[in-house]
Protein chains: 2
Amino acid sequence: MNNKNAVERIEYELTTFIRRAVYIDNSENKIGNLERASYLILRQLEEFGPARVKELAASFKLDISTLSRQTGTLEGKGLIERSSDPSDGRVSLFTITELGREKLKADKKMRLARYQNMLETWSSKEKELFGELLERMNEAFFD
Amino acid sequence: MNNKNAVERIEYELTTFIRRAVYIDNSENKIGNLERASYLILRQLEEFGPARVKELAASFKLDISTLSRQTGTLEGKGLIERSSDPSDGRVSLFTITELGREKLKADKKMRLARYQNMLETWSSKEKELFGELLERMNEAFFD
DNA sequence: TTATATATTTGTATTATACAAGCATATAGC
DNA sequence: GCTATATGCTTGTATAATACAAATATATAA
């Protein structure tokens, strides 16, 4: 297979995958799970610690107003907590709460189960390699 | 790396990738390109031939009414063409037009260029393997 | 020939989003 | 120190994609 065909296949499969994954996300958040946006916010706060609205917006490449609303919703659900930055009164810093951690953990568990299931026939070696390639692809994903 | 960690990495990277890819799609369809939905519809019609609304909806797991509108829009733009099924007057069959093929080709070219760019440092072997793994993942992606 | 089922379209509500306006706070120029 | 400007966030408003429900046209079955 030449280079063009390999890249074509990658593009084809990733496009297909995105459509399916978005569908799954949308149907699952109706049965009580976190939607994509919330999952990403909680994941980021847990991984990198407190963040302000602007940072989150930049991280997900969404408008600040969108993140302002999303953080407001998560705050309302008690999944994240707002505090003010002592050095700048305009800023809201958000931290994941204990409840948020629990919800994130449960949600992640479900997501992992889906992938475990999908990839159950793969060898460990294949899974490792796939993860590694995905990570490299994302590292190169600038715009 | 044990199995759980490998799958965790896969889930993490794919979730990240989806967010970025959705962003790219949304920003690019504002500068005159096809949005995801149209791209998928054209791609399917070109690959598998004429299809009816119901089939397209099932294929993308979207509501029939959504596809009815999307096909209407594409028809209005001259990218697909409606014909009636001689054996069933209720059915609309859609076929990609020449203009649709051109638009699809141009759009695909752009998408491929992005991936070519992202993966330019990869060896042919890696690209082939990555495409193969993605394909296998999608084959196992049931719901 | 009428009742029921199916394919599609159209009406309506919801949701995620962006952009613009407004408000509070911070920083810079004088 | 005081006013002008910049920044961070929230809130108002518009748009677009979507689902669900109602309506319409056609097909199939009783």
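Below, each value reflects all heavy atoms present in this structure, side chains not excepted, and no hydrogens, waters or symmetry copies. Letters A, B, ... are given to chains in the order of the sequence lines, protein chains preceding strands, and every chain is numbered from 1.
One interatomic measurement links the two molecules: NZ of A/Lys61 to P of C/dT17, which rounds to 15 Å at whole-angstrom precision. Across the protein-nucleic acid pair, B/Asn26 atom CG and D/dT18 atom P stand 10 Å apart, rounded to whole Å. For B/Asp85 and C/dA7, the CG to P distance is 11 Å, given to the nearest whole Å. For the pair B/Leu56 CG and C/dT9 P, the interatomic distance rounds to 11 Å; values are reported in whole Å. In this structure, A/Phe60 atom CZ and C/dT17 atom C1' are separated by 15 Å, rounded to whole Å.
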Would you give a per-nucleotide map of nucleotides 6-16 of chain D, 5' to 3', where B means the base has a protein non-hydrogen atom under 4.0 Å away, S means only the sugar-phosphate does, and - means neither?
-> BBSSBBBB---
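Looking only at side-chain heavy atoms (C-beta outward), B/Glu8 and A/Tyr115 stay at 4.5 Å or farther from each other.
Of the side-chain N and O atoms in A/Gln70, one or more sit less than 4.0 angstrom from OP1 or OP2 of C/dT17.
Here the closest non-hydrogen pair linking A/Thr71 and A/Ile80 is O-CD1, 3.5 Å.
No side-chain donor from either of B/Arg19 and A/Ser59 sits under 3.5 Å from a side-chain acceptor of the other. No hydrogens or angles considered: a donor-acceptor pair under 3.5 Å links the side chains of B/Thr15 and B/Glu11.
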Under 3.5 Å, sequence neighbours excluded: what are the donor-acceptor pairs made by side chains of residues 130-138 of chain B?
unit_1: B/Glu135; atom_1: OE1; unit_2: A/Arg9; atom_2: NH1; d: 2.6
unit_1: B/Arg136; atom_1: NH1; unit_2: A/Glu126; atom_2: OE2; d: 3.0
unit_1: B/Arg136; atom_1: NH2; unit_2: A/Glu126; atom_2: OE1; d: 3.3
unit_1: B/Asn138; atom_1: ND2; unit_2: A/Glu13; atom_2: O; d: 2.8
unit_1: B/Asn138; atom_1: ND2; unit_2: A/Glu13; atom_2: OE1; d: 2.8

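The one candidate from B/Lys54, B/Arg82, B/Arg52, B/Glu75 that meets the side-chain hydrogen bond (donor to acceptor under 3.5 Å, both in side chains) condition with B/Ser92 is B/Arg82.
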